[in-house]
Amino acid sequence: MKKEVMIYHLKGWELGDDILIEKYKIAGFDSVAFYCNGQSNDEIRHQVEYARKIGLKVSYFHGPLKNNSSIWELDCKEYMNQLINYINLAGVLGIKYFVMHPSGKECIKFSKIGLRNYKALLNLCKKLNITLLLENLRMIGSMIFLLEKIKSHNLSVCLDFGHANVWCYSPMDLIKKYKNRIQGVHMHDNNGEVGNDQHLIPFQGKINWEKCVKALYKYYDGPISLEIDNFKTEEYKYDNIDKYLNDAYNSAINLTKFIWNKNFK
């Protein structure tokens, strides 16, 4: 039985979206996730429709990567409008999961404003049958706070393995803490150096993938999902997109092998 393997749309390659999307399909990926990060609705719609046209599944969007902490502040209208627009677009396109950064790089003060904003977003998600996934970042307190304060079937966790390995907690700690709430994953590797978020292809760093995958798939049944980046380290940088995607896909297939062998120690 083949497990679904997914890749987040790559950034930085000097190729058009259509060419990259075609290359995911050629490499063997089953699905792709797209970022909603300042693009127009028409651009994102085209990406989704083209991916589906060539046989790729699309179920996940990733929300804006900038100004995330503004949701906790009084002056957040622009950011909230951006989120509402993208979540509505997700509903129109049949996207089931919307990943969010609940904070940025800076420390934040939790506020009633932020809590109110998240509840408003979740009311919209409920109407559209979308699950909002909070991603663990360096300032993990915002995610913990929201999960404790808001009880909603439309609020869950996107476990980012690389972030956990260099910042707060560890991948295994987060699996144990949020086991039944994980509905999305970002699988990428790093060397475990504090703050060095490399986004390497799995098995190029120091994460114990066998241990993590066996533990994760006791509770989670979603796709193997790569969120990798070719431009954060010279040591592992690729010049050839086809070689890069081939290595990435093979790493995902090797991860799936741990699912079928769940004898976890």
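Bear in mind that the values here come from a model prediction, so they are computed numbers and not experimental data. We use all heavy atoms of the structure for the numbers below, so side chains are in, but hydrogens, waters and symmetry mates are not.
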Should K206 and D189 count as an ion pair when the cut-off is N to O under 4.0 Å? no
Apply ring-ring contact (aromatic ring centres under 6.0 Å, His included) to H186 and F161, showing your working. CA-CA 6 Å; H186 289 169; F161 283 84; 9.8 Å; no
According to side-chain hydrogen bond (donor to acceptor under 3.5 Å, both in side chains), who are the partners of N250, at least two apart in sequence or on a separate chain? none
Is H62 reaching over with its side chain to a backbone N or O of F34, donor-acceptor style, under 3.5 angstrom? no
Under 3.5 Å, is there a donor-acceptor pair between the N136 and D160 side chains? no
For residues N41 and N85, is any side-chain donor paired with an opposing acceptor at under 3.5 Å? yes
Going by distance alone, is a donor N or O of one side chain under 3.5 Å from an acceptor N or O of the other, for S170 and D173? yes
Does the pair K214/E210 count as a salt bridge with the N-to-O cut at 4.0 Å? yes
Distance-only side-chain donor-acceptor flag, Y220 / N180, under 3.5 Å: no
List for me each residue that meets side-chain hydrogen bond (donor to acceptor under 3.5 Å, both in side chains) alongside H199, sequence neighbours excluded, and say none if there are none. D197
Can you confirm if the NZ or CZ of K11 lies within 45° of the ring axis of Y35 and under 6.0 Å from the centre of its six-membered ring? yes
Whether the side chain of E49 engages the backbone of H46 through a donor-acceptor N/O pair (distance < 3.5 Å, no angle test) should be reported. no
Considering residues, nucleotides and ligands other than K151, do more than 12 of their heavy atoms fall under 6.0 Å from its NZ? yes
N240 side chain to K243 backbone, donor-acceptor under 3.5 Å: yes
Without swapping roles, check the side chain of Y236 against the backbone of Q204 for a donor-acceptor pair under 3.5 Å. yes
Given ring-ring contact (aromatic ring centres under 6.0 Å, His included), test F110 with W72 step by step and report yes or no. CA-CA 7 Å; F110 306 137; W72 298 92; 5.5 Å; yes
Tell me if a side-chain donor or acceptor on Q198 pairs with a main-chain N or O of N191 at a distance below 3.5 Å. yes
Going by an N to O cut-off under 4.0 Å, is there a salt bridge joining D221 and K3? yes
Return the minimal non-hydrogen interatomic distance between N154 and C125, and the atom names on each side. ND2-O, 3.8 Å
When you measure from the side chain of D17 to the backbone N and O of Q47, does any donor-acceptor pair fall under 3.5 Å? no
For I201, is there any backbone N or O sitting under 3.5 Å from a side-chain donor or acceptor partner on S251? no
Note: Y60 and Q183 closest approach over all heavy atoms is OH-O, 2.8 Å
Is there side-chain contact between K149 and L115, with at least one heavy-atom pair below 4.5 Å? yes
If you compare all heavy atoms of L137 against all heavy atoms of P102, which two are closest, and at what distance to 0.1 Å? CD1-CD, 4.0 Å
Are V92 and L83 grouped together when hydrophobic residues (ILVMFWY) are joined by side-chain heavy atoms under 4.5 angstrom apart? no
Is the count of non-hydrogen atoms from other residues, nucleotides or ligands lying under 6.0 Å from N81 atom CG greater than 12? yes
Under a 3.5 Å cutoff, is there a donor and acceptor pairing between the side chains of Y79 and N68? yes
